[in-house]
Amino acid sequence: MNGQNKYEVLRTYFGYSSFREGQEELINGILTGNDVFGIMPTGAGKSICYQVPALMFDGITLVISPLISLMKDQVAALNQAGIYAAYLNSSLTQGQYFKALDYARKGKYKIIYVAPERLLTESFLEFAIHADLSFVSVDEAHCVSQWGQDFRPGYLKIEEFLKKLPKRPIVGAFTATATKEVQQDVVRLLQLSKPRVITTGFNRENLNFFVLHAKDKKAALIRILRTHYGESGIVYCITRKLVEEVYERLSERGLEVSRYHAGMSDDERRRNQEEFTSDRTQIMVATNAFGMGIDKPDVRFVVHYNMPKNMESYYQEAGRAGRDGEKADCYLMYSAQDVHTNQYFIENNRENEELDEKALASVMEKDRERLKKMVFYCHTKFCYRKYMLNYFGEKAKEYCGSCGNCIEKIQTGSVQTKQKKQLVYDTGVLNGRKLLAATGGTKRTAFDNPELYEQLRALRNSLAKELQVPAYVIFTDKSLKEMSMYLPVSRTEMLEIQGVGQTKYDKFGQEFMNVISKFKEEHEVSPAKVYARAKIFAHPQKTPTSIDDK
C-alpha cells in the first residue's frame, strides 16, 4: 500500500473534505483486507468506496460493471481528476482492446472497468492471471441474483473468474437495489468471505414522490414540464413507440429534447446521450434501455409516463433524479393499460433463456408478484415513501411530508394536529396554499448570483464540448453554485469548493477564477458582500409556491 492516506486521496483527487455516510466504513473494511458489501441508495457515492482504496493499493483495481455508458463516464471523470483508468468492453475495436490490454500489462492503469462477459475470454484471463490485482469491485451486484430485477447470467461468471486467479483479491460488492433475498444471493454467489456489510438505507430524503392517475397523460406531462421549465429531466416510456410519440410531441412544442431506445443505432443513442449529459438538450425521453449508470448529477425531475414492472426498477430509475443531493421530483403516471403491458412483457420475457424451464417459471412467478406490489404502490392512500422503504425492509415514519399523499392529507385536514404542524414545517406549505400532486413542483431556493452561475455553466459546457466529456465531469452544478456564492479567486479559496480537487484546479481553476474575477469587477463586489452571500447560501429560506391545475 502506498503512503497516501484516505483523506488526502479524497481531497486531492475528488475535491471533498469528508466522507458521506457508509463510505468510510466500507473503505476501512477494504483497506484492512476484508470483503465488503455496500447497499447504498443511488447518488450516495458508491464509486468513492472503491476508487479511494484503488488509489491507495499498490496493484490494480478491477471494476466489473454491466454498463458501457457507466464505464465511459466514470473513466472520463477519473482521467480528468488525474487518475489513469481504462475500460474494456464491446465498444472498443479489436485494435483498441488489445492496445488497452498492453497498457494494462505495463501497469499504466490503476483502475480498469470490464464487462462481466469478458472475464473468461482467453485474452483477458491471460492478463488477469499475471497482473497484480489488489481489489475486485462488483458494481450493480444485484445483477448476480436471478431474483433481482436485472439478472444477468454473465454475472455468474465472476466467481469462476476469481477461482482462476493465482491469489484471490479483496472483493467488494455494491448495489442500490437489493431486497433481503437478493442480498443473501449476492453474498452466496460471489462467495464473499465474512463480508463487512454496510446498509445506509434506501431513503432519498431530497426526492419528492407523486402518483398521477391522469386521463390525459400528454396534457399532464406538459403541466409537469412547465413546472420544471429550464431544468434537466428524464421521461421514461414503456415502449419504443411511446418514446417516439412523446418525443415528437415535445419537439413540436420547441422543447430541447432527446430520445433513447434499443431500436436506434448505437451511434444515435451515443450522440443523444452525450447531448443530454452535456446539457445541449434538457429532456431525455427514453425506455429503460437508458439504464443504470446514468451519472448526471443535476437531473431535477424524472417522469414515468407508464408504471414500471416492479418497485426495484422504479426506485432505481426515479433515483436518477437529484444525485447532487438537491431537491428533485419523481412522478409516476398510472393507467390500467400499464398493468396489461407489463404482464405481457413478463409472460414473453426471453432475456433469461440460459435458465432451465423450472428456474424460468420461478423467475416469472416472482416477476408477477413484484408487479402486483408495484400496482399496490400506485393505489395506496398512505405515504409513498413509507411504502417504498417498507418494501425494501426498512422502517419509516407514517408521514414523510413530501409525497403526493402526505401533501393531500395536509390539504384535506385528515392528519392529527401535531402531525399536520410537522408536515407543514417539512414541506413549506403555508396558509393553505395549493400544491397539487398533479404537478408537484416546489419553488427552489434561487442562487444569489444567477448571472454568474450561468456564465460558469457556459464556460463548463464549452470545455466539456472541447474535451468531449459530459459537463459534470468538469465540475458539477453543485460546485458551480458554490463558486457563484463564495466567489473564489485564489487557489486556496477554489480548493475549498466542494468537488474541486488539486488536478481539476490545475486543469480548469484559472479559467473559472478569471470569469469570477471579471464578474466581481463589473459588479463591484466587496468582501462584505461575499460574506453576506455566504450566510444566505448556508441558510436558504424555504419559499412555498402556488400551482393551479386548470
Side-chain angles (χ1 to χ4, degrees), residues 39 41-42 66-67 116-117 140-156 173 175-190 202 209 211 236-243 261-263 286-293 302 304-320 330 332-380 384 387-394:
I39 302 105
T42 304
L67 302 152
E117 292 80 8
E140 309 293 352
H142 62 276
C143 292
V144 77
S145 172
Q146 64 174 290
W147 306 121
Q149 81 282 5
D150 291 307
F151 171 61
R152 284 177 64 129
Y155 264 60
L156 297 177
T175 183
T177 51
T179 59
K180 295 295 182 186
E181 186 176 37
V182 171
Q183 290 176 33
Q184 292 167 4
D185 246 7
V186 170
V187 173
R188 178 176 61 84
L189 292 168
L190 295 179
F202 292 89
F209 295 95
V211 177
Y236 280 108
C237 299
I238 202 167
T239 64
R240 302 175 190 178
K241 183 182 177 183
L242 269 175
V243 168
H261 59 71
T287 61
N288 62 5
F290 191 64
M292 297 176 292
V302 169
H304 278 79
Y305 199 75
N306 310 96
M307 181 190 72
K309 61 183 177 180
N310 52 52
M311 288 298 298
E312 289 92 338
S313 296
Y314 181 58
Y315 177 85
Q316 195 168 60
E317 290 158 11
R320 286 172 197 135
C330 306
L332 194 166
M333 297 184 181
Y334 172 85
S335 72
Q337 181 58 46
D338 298 337
V339 183
H340 299 309
T341 304
N342 278 303
Q343 286 173 336
Y344 174 83
F345 287 153
I346 290 170
E347 302 303 325
N348 293 275
N349 180 15
R350 296 294 177 264
E351 291 179 4
N352 294 326
E353 289 183 339
E354 294 181 35
L355 301 178
D356 60 39
E357 199 170 310
K358 184 177 179 181
L360 187 60
S362 296
V363 170
M364 289 173 67
E365 183 55 39
K366 190 75 175 177
D367 285 343
R368 292 188 197 100
E369 186 62 29
R370 283 199 289 248
L371 175 60
K372 196 181 296 182
K373 290 179 179 177
M374 186 74 245
V375 175
F376 290 163
Y377 171 84
C378 294
H379 287 279
T380 185
Y384 292 127
Y387 184 102
M388 188 178 294
L389 295 179
N390 287 172
Y391 178 87
F392 289 110
E394 189 173 320

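Counting begins at 1 with the first residue of the sequence. If you're wondering where the values come from, they're calculated on a predicted model, not measured in any experiment.
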Given the rule in the side-chain contact (heavy atoms from CB on, under 4.5 Å) test, do Tyr387 and Phe209 qualify, once you have shown the distances and angles that lead to the verdict? CA-CA 11 Å; Tyr387 184 102; Phe209 295 95; over 6 Å; no

Please lay out, stage by stage, how Leu371 and Phe345 fare under the test side-chain contact (heavy atoms from CB on, under 4.5 Å). CA-CA 11 Å; Leu371 175 60; Phe345 287 153; over 6 Å; no

Step by step, work out the salt bridge (charged side-chain N to carboxylate O under 4.0 Å, His left out) result for Glu369 and Lys366. CA-CA 5 Å; Glu369 186 62 29; Lys366 190 75 175 177; over 6 Å; no

Could you give me the CA-CA distance, side-chain angles and deciding distance for Lys372 and Val375, then say whether side-chain contact (heavy atoms from CB on, under 4.5 Å) is met? CA-CA 5 Å; Lys372 196 181 296 182; Val375 175; 5.8 Å; no

Set out, in order, the CA-CA distance, both residues' side-chain angles and the distance that settles ring pair (Phe, Tyr, Trp, His ring centres under 6.0 Å) for Tyr377 and Tyr314, then state yes or no. CA-CA 11 Å; Tyr377 171 84; Tyr314 181 58; 5.7 Å; yes

List the steps and the verdict of side-chain contact (heavy atoms from CB on, under 4.5 Å) for Met374 and Tyr334. CA-CA 10 Å; Met374 186 74 245; Tyr334 172 85; over 6 Å; no

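Nearest heavy-atom pair across Leu190 and Ala173 is CD1-CB, 4.0 Å. Considering all non-hydrogen atoms of both residues, Cys237 and Leu242 come closest at CB-CB, 3.9 Å. Considering every non-hydrogen atom in both Val243 and Ala286, the closest pair reads CG2-C, 3.6 Å. Residue Ala176 comes nearest to Phe202 through the heavy atom pair O-CE2, 3.1 Å, listed as atom of the first residue, atom of the second, then distance. Of all heavy-atom pairs spanning Thr287 and Arg240, the tightest one is CG2-N, 3.9 Å. The two atoms that bring Glu117 and Gly154 nearest to each other are OE2-CA, 4.0 Å, heavy atoms only.
Annotation: side chain of Pro308 is in contact with side chain of Leu332 (closest heavy-atom distance under 4.5 Å). No side-chain heavy atom of Asp367 sits less than 4.5 Å from a side-chain heavy atom of Lys309. Two residues are said to be in side-chain contact when any heavy atoms from C-beta on lie closer than 4.5 Å; Tyr391 and Glu312 meet this criterion.
The distance from the NE2 atom of His340 to the OG atom of Ser335 is 9.0 Å, given to the nearest 0.5 Å. Arg152 contributes atom CZ, which lies 10.0 Å from atom NE2 of His142 (distance to the nearest 0.5 angstrom). Atom CE of residue Met364 and atom CD of residue Glu347 lie 4.5 Å apart, to the nearest 0.5 angstrom. Considering CD1 of Ile238 and CE of Met333, their distance stands at 14.0 Å, rounded to 0.5 Å. Considering CG of Asn342 and CG of Asn306, their distance stands at 8.0 Å, rounded to 0.5 Å. The distance from atom OG1 of Thr341 to atom CD1 of Ile346, rounded to the nearest 0.5 Å, is 11.0 Å.
For Glu394, the salt bridge (Lys or Arg N to Asp or Glu O under 4.0 Å) test picks out no residue, with sequence neighbours left out.
Screening Glu317, Arg320, His304 for a side-chain hydrogen bond (donor to acceptor under 3.5 Å, both in side chains) involving Tyr236 leaves a single residue, Arg320.
You'll find the ring centres of Phe392 and Tyr315 inside the 6.0 Å limit.
When atom types are taken as modelled, the side chain of Asp338 and the backbone of Met307 share a donor-acceptor pair closer than 3.5 angstrom.
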